[in-house]
Asker: 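If you scroll down you'll find the structure; I have some questions about it.
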Amino acid sequence: MANQADQQREQWGSKIGFILAAAGSAVGLGNIWKFPYVTGTNGGGAFVLIYVLMVACIGFSVMLAELVIGRRAQLNAVGSFAKIKGGAWPMVGWLGLACGFLILSYYGVVGGWTIKYILHSFTGLMEIAGAGKAGDAFGGFISNPVMVVVYQALFMFATIWVVYRGVGEGIERYCKVLMPALFILLIILIGRAVTLDGAAAGIEFYLKPDFSKVNSGTVLAALGQAFFSLSLGMGCMITYGSYLQKDVSLPTAAAQVCFLDTLVALLAGLVVFPAVFAFGVEPGAGPGLTFITLPGIFAKMPGGMIWSALFFLLLFVAALTSAISLLEVACSYFIDKGWSRAKAAWTMGTLIFLLGIPSAISLGGGLKIAGKDFIDAAGFMTDQIMMPIGGLLICVFVGWVIKDIAKEELTNGGKMPIFAGFDAWVVFVKFVAPLSILYIFITGLKW
Ligand code: TRP
């Protein structure tokens, strides 16, 4: 996406380009870092089941709603609401912008960890992990605030650079190769993980639902994770939809992205949990879970160093394609307002980096807000408050306020037949999704 504010608005090069970009946004640290650790802290199998239900029932509906808004308006998240309806609705876009800021602030911190681990693969990570000390090594790293901030800065620099240069040429091309590579690597790692001694207990924890561990908080966590992983509730898919050609079927695109994203998350769990149990790690260990267990797996593979570096490199790329989409939400707004792409990317990126510093130093230094580590507090705010509220309002907007416009958009002004599930989707965006979100939110919200 080069800077063409004064020309015709940019579009994705091809349909597959959009699917890749949207899947690139969705598939990221949320799948491989966050999904396993949130599953671990929420009791395992039952959470996984609820999560999949949330994606299918609510996630898909919200994603389609966002794409409809964006493609209709052909504008950024704030501008889209203003153009289609006006009134107070652009506030939803502003909420999204704020949410994107906050997500990327801590996302950049974890993105930095991936860079650290690429390098560390060659500098002793295998020996440490082989000796069962991966947990200590991780703890040591995150409690060194200077290094964590340095890596965070590197990651943010890469993100800003790509957004500034434009997503179209470079990143789309790399994604076509690197995303399938990540997928294949995950499959290979599953093969290694499930054959570890003691892996069976992990598979059972991960796949056998134990509903005694479910409470209202679990359901809200699953909803929040679904929004996070699918990049929903804050205007990201509105922004991406705004670059989409009119003849693309939005329901198909939404379904493909939901499916791919969920598949990658489920596969990641199948790597992490067998290892969690085989190595005697606590499943509820929290944000370090993936970074503690995976090196242990690599250490048990011939050429582990290479596997490890390759894996963290691919994870870095997956994180980068997601981070880009987060930065793009704010940049798109300012570019539509007439800023240059360079100014928008550097200004927003730098502010977000600064906002992330408290998260970066919170894990080691114990920087807390009302008892939670800063980074957990930020995650809580975005996943369990801002994104559900954003998603709720997006459903209300599409289902109640602009239903007819949505129908017109989905048929490309009557040129395409309406998709088979349209009536069901309307019921979901009008009633099922908003009411469920509201209920889950009210019952499950606790600090
Ligand atoms: N979905 C991404 C991941 O799983 C993160 C992300 C990108 C995101 N864009 C977003 C999360 C917008 C919420 C909203 O890593």
Side-chain angles (χ1 to χ4, degrees), residues 20-39 51 54-55 58-59 62-63 65-67 70 76-77 92-93 95-114 155-156 159 162-163 167 171 175 179 182 186 222-241 254 257-269 287 290 314-333 348 352 356 378-391 394:
L20 280 170
S25 164
V27 175
L29 295 167
N31 307 60
I32 290 167
W33 159 70
K34 198 161 193 171
F35 177 74
Y37 105 68
V38 176
T39 300
Y51 174 76
M54 289 296 157
V55 170
I58 299 180
V62 177
M63 182 171 297
E66 287 202 26
L67 293 178
N76 63 81
V92 182
L95 178 72
L97 248 62
C99 184
F101 250 69
L102 200 53
I103 295 176
L104 186 52
S105 75
Y106 64 85
Y107 205 85
V109 175
V110 183
W113 300 353
T114 65
F155 183 84
M156 288 306 297
T159 306
V162 177
V163 169
V167 185
I171 206 82
C175 277
M179 289 293 124
L182 178 66
L186 277 177
L223 180 71
Q225 174 62 24
F227 275 107
F228 186 92
S229 191
L230 296 169
S231 306
L232 296 178
M234 48 72 71
C236 189
M237 289 296 161
I238 296 180
T239 309
Y240 272 30
V257 174
C258 288
F259 175 79
L260 272 176
D261 184 72
T262 307
L263 187 64
V264 174
L266 294 177
L267 293 179
T290 298
L314 294 174
L315 185 56
F316 164 73
V317 174
L320 189 62
T321 55
S322 302
I324 291 162
S325 74
L326 284 161
L327 187 54
E328 182 66 23
V329 175
C331 288
S332 173
Y333 172 77
M348 294 302 125
I352 291 170
F380 177 87
M381 275 297 291
T382 54
D383 300 9
Q384 309 210 10
I385 298 182
M386 296 168 94
M387 284 192 271
I389 292 177
I394 286 166

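Each ligand, and each atom within it, is numbered from 1 in the order the structure gives. Bear in mind the structure is a predicted one, so any value in this text is a computation, not a measurement.
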Asker: Answer side chain, backbone, both or neither: which part of C236 comes under 4.0 Å from ligand 1, heavy atoms only.
Answerer: side chain

Asker: Run the side chain to side chain contact (heavy atoms under 4.5 Å, CB included) test against V92 and tell me which residues pass, sequence neighbours left out.
Answerer: F81, W89, L393, I394

Asker: Closest heavy-atom contact between A77 and G235?
Answerer: CB-CA, 3.9 Å

Asker: Write out the residue and atom name of the closest protein heavy atom to atom 15 (O) of ligand 1, then the distance separating them to 0.1 Å.
Answerer: Y107 OH, 2.4 Å

Asker: Which bit of S25 is near ligand 1, meaning a heavy atom under 4.0 Å away: side chain, backbone, both or neither?
Answerer: both

Asker: Please name all residues satisfying side chain to side chain contact (heavy atoms under 4.5 Å, CB included) with A323, sequence neighbours left out, ordered by chain then number.
Answerer: L104, Y107, F155, T159

Asker: May I ask you to test the L29-K34 pair for a side-chain heavy-atom distance under 4.5 Å?
Answerer: no

Asker: In this structure, does ligand 1 have an atom that sits under 4.0 Å from one of the heavy atoms of W33?
Answerer: no

Asker: Checking the N or O distance criterion of under 3.5 Å, is ligand 1 in contact with D261?
Answerer: no

Asker: Hey, does M387 have a side-chain heavy atom less than 4.5 Å from the side chain of L232?
Answerer: no

Asker: Give the residue and atom name of whichever protein heavy atom lies nearest to atom 12 (C) of ligand 1, and the separation in Å to one decimal.
Answerer: M234 SD, 3.2 Å

Asker: Looking only at distances, can you tell me whether any N or O atom of F228, backbone or side chain, sits closer than 3.5 Å to an N or O atom of ligand 1?
Answerer: yes

Asker: If we check side-chain contact (heavy atoms from CB on, under 4.5 Å) with T114, which of these qualifies: T290, L315, L320?
Answerer: L315

Asker: Establish, from distance only, whether the side-chain atoms of Y51 and T39 form a donor-acceptor pair under 3.5 Å.
Answerer: no

Asker: Where the closest heavy atom to atom 10 (C) of ligand 1 is concerned, which of S229, S231, G30 has it?
Answerer: S231

Asker: For a quick check under 3.5 Å, do S25 and S231 share a side-chain donor-acceptor pair by atom type?
Answerer: yes

Asker: Are F227 and M234 close enough, and set up right, to give a side-chain contact (heavy atoms from CB on, under 4.5 Å), and what steps lead you there?
Answerer: CA-CA 9 Å; F227 275 107; M234 48 72 71; over 6 Å; no

Asker: Considering heavy atoms of the protein only, find what lies nearest to atom 4 (O) of ligand 1 and give residue, atom and distance to 0.1 Å.
Answerer: A26 O, 2.8 Å

Asker: Numbering the atoms of ligand 1 from 1, which are under 4.0 Å from a heavy atom of I103?
Answerer: 13 (C), 14 (C)

Asker: Taking non-hydrogen atoms only, is T382 closer than 4.0 angstrom to ligand 1 via side chain, backbone, both or neither?
Answerer: neither

Asker: Given S229, which partner from the list D383, T262, D261 fulfils the side chain to side chain donor-acceptor pair (under 3.5 Å) test?
Answerer: D261

Asker: Show me which atoms of ligand 1 lie under 4.0 Å from any heavy atom of M387.
Answerer: 13 (C)

Asker: Does ligand 1 have any atom that is closer than 4.0 Å to a heavy atom of K34?
Answerer: no

Asker: Of all the atoms in ligand 1, which lie at a distance below 4.0 Å from a heavy atom belonging to S325?
Answerer: 7 (C), 9 (N)

Asker: What are the atoms of ligand 1, with element, lying closer than 4.0 Å to any heavy atom of G28?
Answerer: 3 (C), 4 (O), 15 (O)

Asker: Report, in ascending order of atom number, the atoms of ligand 1 lying under 4.0 Å from any heavy atom of L29.
Answerer: 15 (O)

